[in-house]
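None of these values were measured; they are calculated from a predicted model. Below, chain A is the first sequence line, B the second, and so on; all start at residue 1.
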Protein chains: 2
Amino acid sequence: MFSIQQISDRLLEKDIKPSFQRIKIYDFLLKNNIHPNIEMIYNNLTKDIPTLSKTTIYNTLKNFEEKGLIISVNIDEKEIRYDARLITHGHFKCVKCGEIYDFDYNHDKLKIKGLPDFEIKKTDLNIKGVCPKCK
Amino acid sequence: MFSIQQISDRLLEKDIKPSFQRIKIYDFLLKNNIHPNIEMIYNNLTKDIPTLSKTTIYNTLKNFEEKGLIISVNIDEKEIRYDARLITHGHFKCVKCGEIYDFDYNHDKLKIKGLPDFEIKKTDLNIKGVCPKCK
DNA sequence: AACATAATTGTAATGATTACAAATTTAAAT
DNA sequence: ATTTAAATTTGTAATCATTACAATTATGTT
C-alpha cells in the first residue's frame with residue numbers, strides 16, 4: 001500500500017527527518033483512516049515497537065501538524081484525533097459509538113460573511129450526531 | 001439590558017431552576033459576548049460572589065448546554081468556550097490574540113454529501129487564523 | 001418549625017499533557 | 001573506523017484542568 005520509501009519521501013518533502021518511529025506513526029495514520037487519538041496510536045504501535053514512548057507520539061504528532069503533514073481533529077473536548085487526509089472535508093462524530101466519519105461538502109459555497117480582513121489558516125466543519133449503525 | 005425576571009423566565013423555559021448563581025452566570029454570558037471559558041467566568045463573577053466555586057460553574061455550564069440554553073465552542077483543544085447566542089453562526093479564533101469572533105455563513109448551501117442516514121445534532125464551523133488587529 | 005429536596009461549596013482524586021534530563025541513535029568529521 | 005557532535009527517543013516527574021464526592025447551605029413543602 002505505502003512503501004517505506006514513499007513514506008520517507010513524503011516526510012522529507014515536509015522537512016521531517018524520517019526516523020523509524022516517525023515512519024511508523026505516519027504509516028499507521030495512512031493505513032488506518034480511523035482518526036486515532038494518542039492512545040489508539042500507542043496501543044497499536046507498541047505491539048511492533050515495545051519501547052515506544054507516549055512522549056514521542058505527542059511530540060511527533062505536534063511536529064507533523066506544524067509541518068502540515070497531518071491535521072488535528074478537534075471535534076470533541078476530551079481528546080484530539082489525528083488525520084492524514086489533507087483534502088478539504090468535514091468530520092462527523094457519533095455520540096453513541098464515538099466513531100468519526102469523513103464527509104465532503106462544498107467549501108466554496110460557504111459564503112462566509114463578516115471576515116473581510118481575516119487571514120484564514122484552518123477551517124473545520126464538525127458535526128455531531130448519531131450514525132446509521134447506532135440509530 | 002436583561003432584567004432578572006427575563007433571565008429567570010428564560011431559565012424556566014429550559015427547565016432550569018433560576019438560582020442566584022445560575023442567573024448570574026447566564027447574565028454574564030448574555031452581557032459579555034466574549035465566548036468566555038471557565039476561568040474568565042470565575043474571575044469576573046467572584047468579584048460579586050466571593051463564595052462562588054468553580055465546581056458550580058462547571059456543573060452549571062454542563063447543565064445549561066444539556067438543556068439547550070447555551071452552546072459550547074470547541075475551537076481550541078486547550079479549553080472550552082461558552083456562547084449564549086443560539087442562532088446558527090460560525091466562530092473564528094485568532095491564533096495571536098486568542099479572541100473569538102462570530103461570523104455568519106449560509107448553512108443551507110453547505111451541500112453536505114455522504115451523510116444520508118445520519119442524525120445531526122450539532123454543527124460547528126470553526127476557523128482559525130489571524131484577525132485584522134493582529135495582522 | 002421541621003423535614004425533605006436541591007444546589008452549592010471545598011477538598012481530594014483523577015488523568016491527560018508537558019517539562020526535563022538521561023539514554024540512545026544518527027550523522028559528520030577526522 | 002573512531003571520535004565527536006547533534007538530533008531523537010525515552011521514562012519519570014511535574015503540572016494543571018476537570019471530576020468525584022461528601023459536607024454545608026439554601027429552598028420549598030407539609
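Within the structure, side-chain hydrogen bond (donor to acceptor under 3.5 Å, both in side chains) contacts touching residues 38-59 of chain B (residues at least two apart or in different chains) are B:Glu39-B:Lys54.
Using a 4.5 Å heavy-atom cutoff, the side chains of B:Met40 and B:Arg81 are in contact. A heavy-atom distance below 4.5 Å is not found between the side chains of A:Thr88 and A:Thr123. Side-chain contact check for A:Lys14 versus A:Arg10: some heavy-atom pair is nearer than 4.5 Å. Counting only heavy atoms from C-beta outward, the side chains of A:Ile112 and B:Phe92 never approach each other to under 4.5 Å. The shortest side-chain heavy-atom distance between A:His89 and A:Asp83 falls under the 4.5 Å cut-off.
In this structure, CZ of A:Phe64 is placed 13 Å from C1' of D:dT8, rounded to the nearest angstrom. Separating the CD1 atom of A:Ile25 from the P atom of D:dT8 is a distance of 13 Å, rounded to the nearest angstrom. What separates CG of A:Leu61 from C1' of D:dT9 is a distance of 14 Å, to the nearest Å. When rounded to the nearest whole Å, the span between CG of A:Leu45 and P of D:dT9 equals 13 Å. A straight line from CG of A:Leu52 to P of D:dT9 spans 9 Å, rounded to a whole angstrom. As a whole-Å value, the separation of A:Ile49 CD1 from D:dG11 C1' is 16 Å. The distance from atom CD1 of A:Ile16 to atom P of D:dT9 is 11 Å, rounded to the nearest whole Å. Residue A:Glu77 contributes atom CD, which lies 18 Å from atom P of C:dG15 at whole-angstrom precision.
Note on B:Ser53: every side-chain N or O is 4.0 Å or more away from OP1 and OP2 of C:dT8. Checking the phosphate oxygens (OP1, OP2) of C:dT8, a side-chain nitrogen or oxygen of B:Ser19 falls inside 4.0 Å. The side chain of A:Gln21 places an N or O atom within less than 4.0 Å of a non-bridging phosphate oxygen (OP1 or OP2) of D:dT10.
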* Yes or no on side-chain contact (heavy atoms from CB on, under 4.5 Å) for B:His91 and B:Asp102, after CA distance, side-chain angles and deciding distance? -> CA-CA 5 Å; B:His91 291 109; B:Asp102 285 350; 3.1 Å; yes

* Would you give a per-nucleotide map of nucleotides 13-30 of chain D, 5' to 3', where B means the base has a protein non-hydrogen atom under 4.0 Å away, S means only the sugar-phosphate does, and - means neither? => ----SBBBB---------

